[in-house]
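Right, one structure below, let's go through it.
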Amino acid sequence: MHRSKNTTNRVLASGLSSIIPISAGCHEVLPGVHLVNLPLPFTLGSINVYLVRLADGYLVIDCGMDTEACFQALGRAVETIGAGWRGVREIFLTHVHPDHMGLAPRLLDLTGARLSMHAQDAAYLGVLTQTKRYLNWANGVMREAGVPEEIIAGIATSSNEIHKHFHSLKPDRTLLGGETIAASVGELEVLWTPGHSPGHLCLYGRQRRVLFSGDQMLEQISPNIGWHPDHDPLGEFLDSLRKLERLEIDLILPSHGTPFSGHREWIRKTIAHHDGRCARILALLAGASRSAAELVNELWERSLTPFHYRFAVFEVLAHLEHLERQGKVACIPKDPIVRWRVT
Ligand SMILES: [Zn+2]
Ligand SMILES: [Zn+2]
């Protein structure tokens with residue numbers, strides 16, 4: 001049941017439209033499901049937060065960043081739908097990136113809502129909020145990856161800026177996947193989809209064949225998969241996509257960009273993208289052993305901002321970890337720079 005995303009406004013089995021154009025503001029995308037598009041101060045441009053009607057009040061899926069622009073736009077949306085802040089009963093975080101969780105402390109104060117998130121992202125947030133320790137660790141990883149000191153210094157400036165937007169949170173309900181939330185649109189199933197973050201969650205409405213995909217599936221963007229110690233984030237991401245592939249989904253409601261359909265085609269293309277990236281890395285290492293930073297310079301033709309350079313290094317490390325677990329590459333630990341070779 002492959003569907004092309006070019007099938008503009010095609011009416012699907014569930015009676016949904018495949019493409020819903022999104023502009024700033026609040027849009028009712030399904031009865032009782034409002035997409036609120038909030039502005040972001042970086043290249044992603046905006047984030048979609050969802051207000052979902054429950055039997056009693058509303059569920060908010062993600063919060064937006066802790067900027068006044070996000071706060072005001074979300075405040076207008078809760079007024080428009082007639083909920084008000086006190087009508088928000090539950091805050092559900094797909095994951096703990098700052099554009100998704102930044103406003104959570106302020107919203108929890110205003111609403112008195114209960115906070116739900118995955119156990120692994122709750123733990124990960126605990127690590128991220130120890131800013132100095134975390135950034136020292138990340139700098140060490142980049143040094144070993146062969147990133148020059150002047151670039152590490154440049155990255156530190158942008159990382160310090162971003163890390164101001166992580167806040168400590170204590171969930172009222174720690175999720176593992178498999179739980180359900182009763183919404184007016186039907187029961188929503190919590191799906192654990194690790195990879196983009198260790199505790200990333202999607203919500204699946206089986207009845208309406210709708211998926212709140214967080215950053216797991218974005219129409220035009222391949223989600224960033226960064227390395228985490230003791231994890232194979234790329235393997236976890238690919239496994240979670242294979243699970244989503246089996247579901248019947250007519251409408252994907254992503255955290256960034258336009259709602260879309262055609263999840264199987266998207267998954268096929270995304271798996272092919274990562275297969276291609278792994279093959280490229282193997283081909284480069286077949287010529288000579290290289291550091292992760294040298295691979296970044298080969299793989300990205302455009303010059304990267306410090307912010308994106310850090311993502312690129314951690315993304316290459318995630319691919320190397322995946323290939324190492326498959327026995328295809330091995331690292332040559334050497335102080336200070338780790339190099340990689342094919343086996
Ligand atoms: Zn994210
Ligand atoms: Zn995001």
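Counting starts at 1 for both ligands and their atoms, following the listed order.
Although no hydrogens or angles enter the test, the distance criterion places a donor-acceptor pair under 3.5 Å between the side chain of Asn48 and the main chain of Gly257.
Geometry about the Zn ion (ligand 1) gives an angle of 90° between NE2 of His95 and OD2 of Asp215, rounded in steps of 10 degrees. Centred on the Zn ion (ligand 2), the NE2 atom of His100 and the OD2 atom of Asp99 lie at an angle of 90°, reported to 10°.
Residues Tyr309 and Ser303 have side chains not in contact (no heavy-atom distance under 4.5 Å, counting atoms from C-beta outward). Residues Leu284 and Arg290 form a side-chain contact, since some pair of their non-hydrogen atoms from C-beta on lies under 4.5 Å apart.
Looking at His196, its N, O or S atom nearest to the Zn ion (ligand 1) turns out to be NE2.
Among the backbone and side-chain atoms of His256, an N/O/S atom is found under 2.8 Å from the Zn ion (ligand 2). At a cut-off of 2.8 Å, His97 does not coordinate the Zn ion (ligand 2) through any N, O or S atom.
Between His118 and Tyr124, the gap from one ring centroid to the other reaches at least 6.0 Å.
Across Ala119 and Leu176, no two heavy atoms sit closer than the pair CB-CD2, 3.9 Å.
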